[in-house]
Every structure is written in structure tokens, then in C-alpha cells.
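Structure first, then comments.
Proteins come first, then strands; the chains are lettered A, B, ... in the order of their sequence lines, and each starts at number 1.
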2 protein chains.
Amino acid sequence: MLKAQRHSYIMEKLRAEQKVVTTDLAVDLDLSEDTVRRDLNELDRKKLLKKVYGGALLIKERSSNTFNVHISAEEKKEKIVIKALSLLHDDQVIIMSGGTTNLVFAKFIPEHLKLTIYTYSLPIAMQLSKLPNIELILIGGKMQKSAMVTIGIDVIQVLSKIRADICFIGASSINVKQGLTEVGYEVSVVKKAMIASSDKVVSMFTSNKLNTKMPHGVCELQELDTIVTELDPDDDRLEKYRKTGIKIL
Amino acid sequence: MLKAQRHSYIMEKLRAEQKVVTTDLAVDLDLSEDTVRRDLNELDRKKLLKKVYGGALLIKERSSNTFNVHISAEEKKEKIVIKALSLLHDDQVIIMSGGTTNLVFAKFIPEHLKLTIYTYSLPIAMQLSKLPNIELILIGGKMQKSAMVTIGIDVIQVLSKIRADICFIGASSINVKQGLTEVGYEVSVVKKAMIASSDKVVSMFTSNKLNTKMPHGVCELQELDTIVTELDPDDDRLEKYRKTGIKIL
DNA sequence: ATCAAAATTGCGGGAGTTTGCATTTTGTGT
DNA sequence: ACACAAAATGCAAACTCCCGCAATTTTGAT
């Protein structure tokens, strides 16, 4: 593996986990710890991370005016959202949940579409602000800082008054028995409200979310109209889901 | 084989595998490594790939997952907000309007302060999300895309129910006779509501806003408790404002 | 067709990089 | 203060790169 690739691997892992451990990286990359240390030192010199005893930490620059959102597996997500674009038409009212898949979706919405979009995700609202033909309503509430979304009773209240054509809902986990499930209780409640206010429910997620489970239920699989993954709709891994009669893109 | 053919072979392999290795390409193409290197350097010069030690990598345009806010006269604004930090104490409830001066302020709030902050500005909410001890409430509503703030009746309604210790209010324009004035009607209404809900009103702005006027009134000078500029409080340009009895930092 | 200039290629060798190991130094927790 | 892990240092081997040069091919003009 090329050194430059190692550096991107390290930075990627760092962004995902906030820290990296020298010994782990040596195993991951199948290299001596010496080399890993040299890599870390080099990246430290370039101010891309902060080397500490035992590994390295993510640098958080307080000075920059840029807000960065890290998107993992971006190519897969691009494949997903391009398929989902076919669901959009002029004059629809849409609710979008948070999550990076939906953020990629926001990036791909064509400029000419005239839509009304409700969202409670800050990055998605920022992204959609670039589109002149979108009527954009940001749903306010208490900020959940880690996910950059608002949560709580205020969000539920606003959602309950909307009548939307489609909601696009990210997924933490999905399986045939329990349907959609979430890590956080508050987010699960918000998603329930989204579903209740929408005529059609679409969930987009990467295939690694398939057949996984989280503590808080959102809805049964049957309540979803369409799911979109990066897989071919005929893929074996979707077999069980096809049998439920759900639409798969 | 022609050079152009080699180049397309290299680019194709690069797109397929994200990287190419000089020695592998020399074998694939049955050429000396020197020639491969020359090819790679040439493609690098044309910005079609990124040459690295040992091979080359795909150039990936950092597709904008970054949201950038341009801040003019940032040094002046830093001077202002550092003075204003003295107004903050643990357990205060604060309302912040939009504007880049307030954004700089958000960047300078110390990590240890425990505050409850209401804002209707997306960039400010993003910035404040980095602070673990802040209870952050984003006020939702229709997005005004140009300013990255929410406006409208929803914002007013939320603001009217708050009882805040201080509000930090940006200024489009200020003069002794008319007080604070705004370009947009909607923003002027929101700012009136902010003021009505706060015990103390602080306005921060750069000195170029002094003695200017906009169409929509926000409040009389007397309604402000404190103004903060980058000037020395004894500066001649603030003479008229000092006479009104307003506090100047 | 002929020739010269320009471009391309491979090679030798020197310079520069990278890597793992041995050794020494430094840092951490008990 | 101690033991032990992590890091820095020095070093040699292997690898990669670049320069100049000569051989070869291509190009373009006569």
C-alpha cells in the first residue's frame, strides 16, 4: 500500500473514531509500529492531527469558518440517492430526517425542482439553502449536538401539524421482524411523528444496516412504502424484504 | 503502444482501483519504469491524477461537505467579541441573533461556560454545537436562505415565550436618532421580539455601522443596555452615543 | 524520397525515500 | 522509585526517483 493511502486511511479512521492507537494501526495496515509512528508524526507536522502518547487525536480547529460533515461510504450513498431522485416531483411537500444519506440526497436534488421541504437537520438545511426553488422550513427544538439535529416536544409538535406527500427517513437499523429501530429514544419518537404525517414513507440506507437491530422501535416494515439501498433490487440479501411486498429501488 | 493509449489505460486502471503502482504499470504495459513515471508526471501536471511516492492516486474533488461562511473584517470582530465575553456568566439564558459578529462571538465562548442559548441562525447553532456545556435551542421557521436564519411567525412565537437574561443582537445600522434599523422587515420584527423577551440588550457591531440608517426600525437607542464596537470606549466617534448614557465596551 | 529537428524511450548511476530493526531515551501508571 | 510501554534515534537495505545521454522513432519541410 502506498504511503499516501495509509495517510488517508489514518485520517478516515481518525475522523470516524476521534482517535487512533498506534498499535492498532500497525495491525490494521500490517506495518511496523515505527512506520505508523512516522506517519503520525508526519501528519502531525502538517497539523492534520495531534500526536499523543500511544496514538493520535483529531484536531479541532476553532478558528475555521467552515463546518465539516464527514460522510462515510459516500459512493454507495450516491448510488442510493440517485435511485431515489425518481420519487421527486414538482410541488411535493417533503419531510427529511437527518443522517448523512439524506445529506447526500440533498446534494443531489436538481436545482429546477420546486419543493417544500421540512427538516430538523442543520447540515441538510444548510445544503438545501443553496437551492433557490426550494421552500425550506427548519424545524426547531433542542439541539442534539452529536447528530446536528433538533429533537424534543417542539419538533413533534411541528411535525404533527404537517401533511406531507413523502418523508425520507434515514435508518440506524432495519430487519424484517422489528422493522426500523433507532439508537436514541428521542430520535425514534421524532421519526414516528414523521411517518404519521406523511402519505408515503421512504427509507434510504446502505446495505450494512440490513438485519441489524437497535433498542428503540420506529415502525414495522409494512409501514414503509419503499426502501432504497445501493444493492441491485434483485440481490439475494434483499430476498426476505422482497417477500414482505415492500417496494425496493 | 502509443502514449495516448497508455494514458487512457492508466486512467482506467486508476478509476477502477483508486490507485496505481509504478512497478505494476511497467509490467502491465511492458515498459520501463522510467517511462511510466514520465507518464504519471505528465498526467499529474495535467491534474488528472495525483502522483505520490511509488505510484499515483485518483484525484477526488472534495465535494462540498463543507459549509463555508465568509466573515469580513474578522480581526475587528474578534476585538469586539473578546470585550463582550465579560458579560457572560454560568447559568445565563441567552438569545443570539444572526450575523457574522455573533458567529465570531460564538467561536470565542469558553468551553467551560454553562449557558442556555437560543438562536435562529444556522451557522451559529453549528458553531455552538461544538461546546459541550451549552444547552442549545434552535428556533425553527421558514429559512431565509441568504442570511442562513429562520424568520416568520414561528420564530416570533417561540421568542415571545422565552425569558432571557441577555440578548446579543447584531446591527445592520445604528444612529443616535433612530436607534437600531434593519434592511429586512421580517428580521426587524424578529429582533423586536428578541428585545421584548430579554432583561438586558447588548448590540455588537463594527464602527462602520455607526451613523447609518435602514428602512425598518428595531428599537430606540435607549432600549439598548450596552453596545460593543472595536473602538476604544473613549473614542471621539462614540461621543454622541456616550451622551445618551448607554454603556459602551 | 531525404534530411534535420523534435519527441520518445531505456539505461546507468547518483540522489533521495522508505522501512524495519537494534538501541537508547522518554513517558505512564503503580 | 520501579517496571514496562511507547517513542526517538541511528543505521542499513531496499526501493523509488530524477538527470543526462544515447539510441530510436516520429514529424514536418523541402
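Contact of the B:Ile94 side chain with the B:Thr119 side chain is not registered, since no non-hydrogen atoms from C-beta on lie closer than 4.5 Å.
Distance, A:Leu25 CG to D:dA6 P: 13 Å, rounded to whole Å. In this structure, A:Asp44 places its CG atom 12 Å from P of D:dA7, rounding to the nearest Å. One can place CD of A:Glu42 at 16 Å from C1' of D:dA8, the figure rounded to the nearest angstrom. One atom, CD of B:Glu33, and another, C1' of C:dG12, lie 14 Å apart when rounded to the nearest Å. Here C:dT17 presents its P atom at 19 Å from CG of A:Leu31, a figure rounded to the nearest Å. If you measure from atom CG of B:Leu2 to atom P of D:dT26, you get 8 Å, rounded to the nearest angstrom.
Here the side chain of A:Asp34 is nearest to one of C:dA22, C:dC11, C:dT19, namely C:dA22. The nucleotide whose nearest atom lies closest to any side-chain atom of B:Arg37 is, among D:dT16, D:dA7, C:dG10, D:dT16.
For the pair B:Thr22 and D:dC17, the criterion of a side-chain N or O lying under 4.0 Å from OP1 or OP2 is met. Look at B:Ser32 and you won't find any side-chain N or O under 4.0 angstrom from OP1 or OP2 of C:dT9. Residue A:Lys3 places no side-chain N or O under 4.0 Å from the OP1 or OP2 atom of C:dT17. Within the structure, a side-chain polar atom (N or O) of A:Lys51 is placed less than 4.0 Å from OP1 or OP2 of D:dA7.
Heavy-atom nearest nucleotides on DNA chain D were determined for B:Gly55 and for B:Arg38, and the one closer to the 5' end corresponds to B:Gly55.
Crowding of A:Lys13 atom NZ: a count of heavy atoms from other residues, nucleotides or ligands under 6.0 Å exceeding 12. Within 6.0 Å of CG on B:Asp30 lie no more than 12 heavy atoms contributed by other residues, nucleotides or ligands.
A pairwise comparison of heavy atoms in B:Cys167 and B:Ser198 identifies CB-OG, 3.1 Å as the closest pair.
Classified by interplanar angle (parallel below 30°, tilted 30° to 60°, perpendicular above 60°), the ring pair A:Tyr185/A:His216 is perpendicular.
At a cut-off of 3.5 angstrom, counting only N and O atoms as typed in the model, there is no donor on one side facing an acceptor on the other between the side-chain of A:Tyr53 and the base of D:dA7.
Within 4.0 Å (heavy atoms only), B:Val21 reaches no atom of the nucleic acid at all. Residue A:Val52 is in sugar-phosphate contact alone, with no base atom involved, counting any heavy-atom pair closer than 4.0 Å across all strands shown. Among the atoms of the strands shown, only primed sugar atoms or phosphate atoms (P, OP1, OP2) are found under 4.0 Å from some heavy atom of B:Asn41.
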